[in-house]
Structures are given as C-alpha cells and as structure tokens.
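Remarks on the structure that follows.
Count residues from 1 along the sequence.
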Amino acid sequence: MEPGLARVPGVRVIRVRYGVMRPGVIGRPKPSREAEQQYEADLALASRRAELLDAAREAEARFREAQARHAPDAEVRRPAEDFDAALTAAMRAAYAAQRAEIGPRGYDDRIYRRKAKATPRVRALTAEAEHLLTLRETHRLTGIPAVAYEPAP
C-alpha cells in the first residue's frame, strides 16, 4: 500500500514499472555532430571572454586619451577603429558564452533553446552581449571620425 493512499474496497492496485509502460522510447534526441562542433567552437571563444573584455577596455582607454588631447581626426581614427574591432570581438565572445551556457541541444532544438534563454544565467549573459552590441553600434555611429578626402589635382 502506498503511503497517503486510502484503500478502496473492491479496487485492486496494479504496479507497473515505468519502462514497461513506454516500450521503444530511447530518450532525448542527441545533438547533431554539427551542433557539437559549434558548441566546442563557442566554448573556446567564450573562454577568452574576459581577455577580450580587457582588450576592449584598453582600446577604449587609448581612444579616449587621443580624444582628450584633441588629436586631429586622422590620428583619432586609428584608435577608434581598434576600439571598434575590440568591441566586436568581445561582443562575439559574449554571444558565444550565451550559446555555450545553453548547451549543444540548443543549436538543433528551438524549444529547448527558448526555455534555456529564460534561465537567470543565460539572461545575464544575453544582457551583457546586448549591452556590448549597443556600445559598438553607438561607437560606430558617433565615435569614429570621418576621413576628409581631398580630390587629386
């Protein structure tokens, strides 16, 4: 008799093992080989995330220093482009960390990916990646000085 169940007269309780009830069910589908490869690549990139964020901070410091000393636009453009490249690399690493946190099943199964995106850890990684994306877009729109081209005589 199961604890918490009342015995009903005239009703027989039959116990059936779980495996017997579902013949032929193998389990969860395995991720594809392609998904495993993408996952491994994302893990490798995500492991460099802190390093790439530090590189972006250093590039921003050089860019801000060039702006602070009122260097000509031609001199500010190179640190601005370096900062843009560093932000792009950091943003890609942040998105890779998000995908790596979801796991290899997330590449093939959209429902699994959607459910995993609702977890607190993945939401934090998504917010970080989107923040870096916004910084990069803002920098591209307002931070990189235009080059003045003079026509040839």
Side-chain angles (χ1 to χ4, degrees), residues 2 4 15-152:
E2 298 279 333
R15 292 180 190 235
V16 179
R17 291 183 311 151
Y18 183 71
V20 174
M21 292 175 62
R22 297 178 46 173
V25 174
I26 297 169
R28 290 186 177 146
K30 302 286 184 210
S32 66
R33 182 70 194 135
E34 206 174 275
E36 290 285 346
Q37 290 172 349
Q38 289 174 340
Y39 176 69
E40 295 297 326
D42 281 341
L43 274 179
L45 184 57
S47 68
R48 298 185 51 222
R49 192 178 82 203
E51 170 191 332
L52 293 172
L53 282 173
D54 289 340
R57 285 186 194 101
E58 291 171 9
E60 182 182 20
R62 287 191 300 274
F63 170 63
R64 300 292 178 211
E65 187 269 327
Q67 280 184 326
R69 60 183 168 86
H70 301 292
D73 284 349
E75 288 181 31
V76 174
R77 186 167 175 82
R78 185 66 192 156
E81 289 173 344
D82 292 343
F83 180 44
D84 178 62
L87 273 177
T88 301
M91 178 202 62
R92 287 183 178 154
Y95 276 114
Q98 174 206 25
R99 291 188 301 270
E101 183 68 28
I102 291 172
R105 278 187 62 200
Y107 295 92
D108 295 335
D109 189 348
R110 67 180 178 84
I111 295 171
Y112 180 85
R113 180 175 53 249
R114 186 173 177 203
K115 284 182 176 183
K117 279 188 173 186
T119 61
R121 175 86 176 126
V122 176
R123 289 177 81 173
L125 290 169
T126 303
E128 177 188 352
E130 288 177 354
H131 178 71
L132 289 169
L133 176 64
T134 303
L135 282 175
R136 187 188 76 161
E137 289 173 349
T138 303
H139 177 68
R140 283 184 173 179
L141 289 172
T142 62
I144 302 176
V147 175
Y149 292 105
E150 295 183 21

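The heavy-atom pair separating P104 from A35 by the smallest distance is O-CB, 3.6 Å. Closest heavy-atom contact between A44 and S47: O-OG, 2.6 Å. In this structure, A66 and V76 approach most closely via the heavy-atom pair O-CG2, 4.1 Å. Taking each heavy atom of A86 and A59 in turn, the nearest pair found is CB-CB, 4.1 Å. Across every non-hydrogen atom of A93 and L52, the tightest pair is CB-CD1, 3.7 Å.
K115 NZ to D109 CG: the interatomic distance, rounded to the nearest 0.5 Å, is 9.0 Å. How far CE of M91 is from CD of E137: 8.5 Å, rounded to the nearest 0.5 Å. Between L125 atom CG and T119 atom OG1 the span is 8.5 Å, to the nearest 0.5 Å. Note that OH of Y95 is 13.0 Å distant from CG of D42, once rounded to the nearest 0.5 Å. In this structure, the separation between CG on L87 and CZ on R140 is 9.0 Å, given to the nearest 0.5 Å. A distance of 9.0 Å separates OG1 of T88 from CG of L133, quoted to the nearest 0.5 Å.
The backbone N or O of S32 lies less than 3.5 Å from a partner atom in the side chain of D108, making a donor-acceptor pair.
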TODO: Check the pair E128 / Q98 against side-chain contact (heavy atoms from CB on, under 4.5 Å), numbers first and verdict last.
DONE: CA-CA 9 Å; E128 177 188 352; Q98 174 206 25; over 6 Å; no
Salt bridge (charged side-chain N to carboxylate O under 4.0 Å, His left out) between R77 and D73, intermediate numbers included = CA-CA 6 Å; R77 186 167 175 82; D73 284 349; over 6 Å; no
Determine whether Y107 and I102 satisfy the following criterion, side-chain contact (heavy atoms from CB on, under 4.5 Å), listing intermediate values before the conclusion. CA-CA 9 Å; Y107 295 92; I102 291 172; over 6 Å; no
Q: Report the C-alpha separation of R78 and E81 in whole Å, then their side-chain angles, then the decisive distance to 0.1 Å, and conclude whether the salt bridge (charged side-chain N to carboxylate O under 4.0 Å, His left out) test is met.
A: CA-CA 5 Å; R78 185 66 192 156; E81 289 173 344; 3.7 Å; yes
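Aromatic ring orientation, F83 versus F63: parallel (interplanar angle below 30°, classes split at 30° and 60°).
When the shell of 6.0 Å around CD of E34 is examined, it contains 12 or fewer heavy atoms from other residues, nucleotides or ligands. Within a 6.0 Å radius of CZ in R113, more than 12 heavy atoms belonging to other residues, nucleotides or ligands are found. Within a 6.0 Å sphere centred on CZ of R69, heavy atoms belonging to other residues, nucleotides or ligands number more than 12. The neighbour count for R64 CZ, taken as heavy atoms of other residues, nucleotides or ligands under 6.0 Å away, is above 12.
Looking at heavy atoms from C-beta onward, L135 lies out of side-chain contact with H139 at the 4.5 angstrom threshold.
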